[in-house]
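Counting starts at 1 for both ligands and their atoms, following the listed order. We number each residue from 1, following the sequence as shown.
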Amino acid sequence: MSDSLFADASRRLERALKYVSLSEDTIERLKYPKSSLIVSIPVRMDDGSLRIFQGYRVRYDDTRGPTKGGVRYHPKVSLDEVQSLAFWMTFKCAVLNLPFGGAKGGITLNPKELSKLELERLSRGYVDAIADFIGPDVDIPAPDVYTNPMIMGWMMDQYNIIKRQLSPAVVTGKPVTIGGSLGRETATATGAFFVIQTLLPKFKRIPSETTVAVQGFGNAGAELAELLWKAGYKVVAVSDSQGGIYAKQGLDIPSIRRFKDANKGIKAIYCEGSVCNIVEHEILTNEQLLELDVDVLIPAALENQITEANVNDVKAKFIFEVANGPIDSAADLILEARGIQVIPDILVNAGGVTVSYFEWVQNRCGLYWTLGEVNQRLQHKMVEETEAIWKKSEELSVCMRTAAYVYGLHRLGAAMNAKGTRDYYVNG
Ligand code: GLU
């Protein structure tokens with residue numbers, strides 16, 4: 001792909017704009033992030049040396065509320081990527097009608113190379129650097145790729161030390177013992193499961209006759225694979241960053257999860273571990289997984305996995321985007337022309353930020369919900385907004401992605417108009 005991720009992400013907006021009448025002011029404002037911060041974070045390493053890490057936080061738009069979005073630790077983190085992710089968060093929060101705008105953060109590093117103490121110093125250093133940019137009413141970080149509740153706990157603690165007050169609502173996805181919400185860790189997968197269960201019956205699909213491949217066996221992908229397996233779907237392939245496995249008759253997901261936790265890689269499990277004997281299987285690469293002849297493909301890893309280069313090899317009938325931005329805009333058009341149903345990231349993976357919103361609400365009122373209450377509220381929101389977007393796509397005869405953008409744009413446009421002065425100037 002020659003142009004930037006952000007330029008490509010903006011193309012989805014351009015497509016959707018044809019179906020909404022928005023003021024020029026709104027369109028113009030949505031093209032630019034509100035503010036972007038680049039920071040250098042000095043970290044004392046365990047061997048006594050000093051290393052400087054590059055970090056980012058982008059607040060894309062705050063018309064609908066404080067900005068919200070995760071922090072990613074990955075070697076490929078860049079300003080372009082963080083801006084795109086913040087843009088997607090803006091639409092995700094609007095699509096789910098959460099009272100938040102969109103943001104994202106990141107640090108460019110390979111977290112697997114750092115010790116736990118180095119990671120803690122880095123996470124606290126990041127908060128030192130962005131403390132004036134965040135806050136429970138301003139911008140609220142959360143976990144993303146390679147960050148977790150432990151890191152969120154350090155971040156909240158560091159913010160509280162700086163502010164000399166207890167503000168649990170400054171970060172979501174914290175450990176439950178210090179104000180995290182029950183159900184937050186499984187929320188992205190659970191939300192995606194509700195979307196799948198709402199949409200597949202519309203195509204007369206039943207779980208036992210539906211094959212599934214999941215790319216990415218991290219927090220979201222592994223949990224979702226298990227939920228689908230429990231519901232009777234035939235999960236035939238899963239992969240992680242090192243590679244994957246395929247078994248025509250279906251995989252036993254819980255045992256793969258157990259072995260992956262013990263051996264830190266799916267490939268290792270199947271090559272050397274005792275699971276080798278459980279099922280007949282084949283080893284495959286991440287690229288091969290995307291091209292499998294399955295009913296449902298679930299990219300749950302990183303951006304730009306399906307592009308013009310491999311889109312014609314994709315054989316799945318449905319793609320549910322659990323990762324952010326796994327399909328680029330050129331591939332999108334080809335998939336649509338080939339009649340492949342793509343259900344977009346800003347809906348499918350919105351369960352995470354939805355339970356983050358619940359966590360923020362619980363922190364602010366000091367009343368904590370049971371897991372049952374959290375999941376019931378999550379189900380209600382996911383099903384309601386999925387049905388509404390489905391209806392919109394039928395009404396406008398557009399794909400689910402454009403319908404989701406149109407739907408989010410209505411909410412964003414209405415909020416911008418309610419705050420703006422354009423009418424005053426235009427109508428005298
Ligand atoms: N990182 C997640 C996402 O991309 C969650 C964000 C949040 O909870 O604020 O949606």
Residue [X] vicinity, atoms of ligand 1 by number, heavy atom under 4.0 Å:
X: Asp144; answer: 1 (N), 2 (C), 4 (O)
X: Met89; answer: 3 (C), 4 (O), 6 (C), 10 (O)
X: Lys104; answer: 1 (N), 3 (C), 4 (O)
X: Asn324; answer: 4 (O)
X: Lys92; answer: 3 (C), 4 (O), 10 (O)

Give the residue, atom name and distance (to 0.1 Å) of the protein heavy atom nearest [atom].
atom: atom 9 (O) of ligand 1; result: Lys68 NZ, 2.8 Å
atom: atom 7 (C) of ligand 1; result: Ala142 CB, 3.3 Å
atom: atom 5 (C) of ligand 1; result: Arg184 NH2, 3.5 Å

Salt bridge check: are [X] and [Y] linked by an N-O gap of less than 4.0 Å?
X: Lys230; Y: Glu226; result: yes
X: Arg15; Y: Glu336; result: yes
X: Asp139; Y: Lys68; result: no
X: Arg72; Y: Glu81; result: yes
X: Arg401; Y: Asp345; result: yes

### Query
Which is it for Arg124 and Glu120 under the salt bridge (Lys or Arg N to Asp or Glu O under 4.0 Å) test, yes or no, and what are the steps along the way?
CA-CA 6 Å; Arg124 290 182 184 275; Glu120 177 172 351; 2.9 Å; yes

### Message
Hydrogens and angles aside, do Lys112 and Tyr146 bring a side-chain donor and acceptor to less than 3.5 Å of each other?
### Response
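Side-chain D/A pair, Lys112 to Tyr146: present.
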
### Distance-only polar pair, side chains of Asp8 and Ser329, donor-acceptor under 3.5 Å
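Note: Asp8 and Ser329 side chains meet the donor-acceptor criterion.
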
### Query
Heavy-atom contact under 4.0 Å between Gly69 and ligand 1?
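Under 4.0 Å: yes for Gly69.
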
### Query
Of the backbone atoms (N, CA, C, O) and the side-chain heavy atoms from C-beta on, which set of Thr188 has a member under 4.0 Å from an atom of ligand 1: side chain, backbone, both, or neither?
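For Thr188, there is no contact with ligand 1 at all, from either part.
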
### Task
Using a 4.0 Å heavy-atom cut-off, say whether Glu359 meets ligand 1 through its side chain, its backbone, both or neither.
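Contact part for Glu359 vs ligand 1: neither.
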
### Query
If you measure from atom 2 (C) of ligand 1 to every heavy atom of Ser356, Gly352, Pro143, which option wins on shortest distance?
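Ranked by closest heavy atom to atom 2 (C) of ligand 1, first place is Pro143.
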
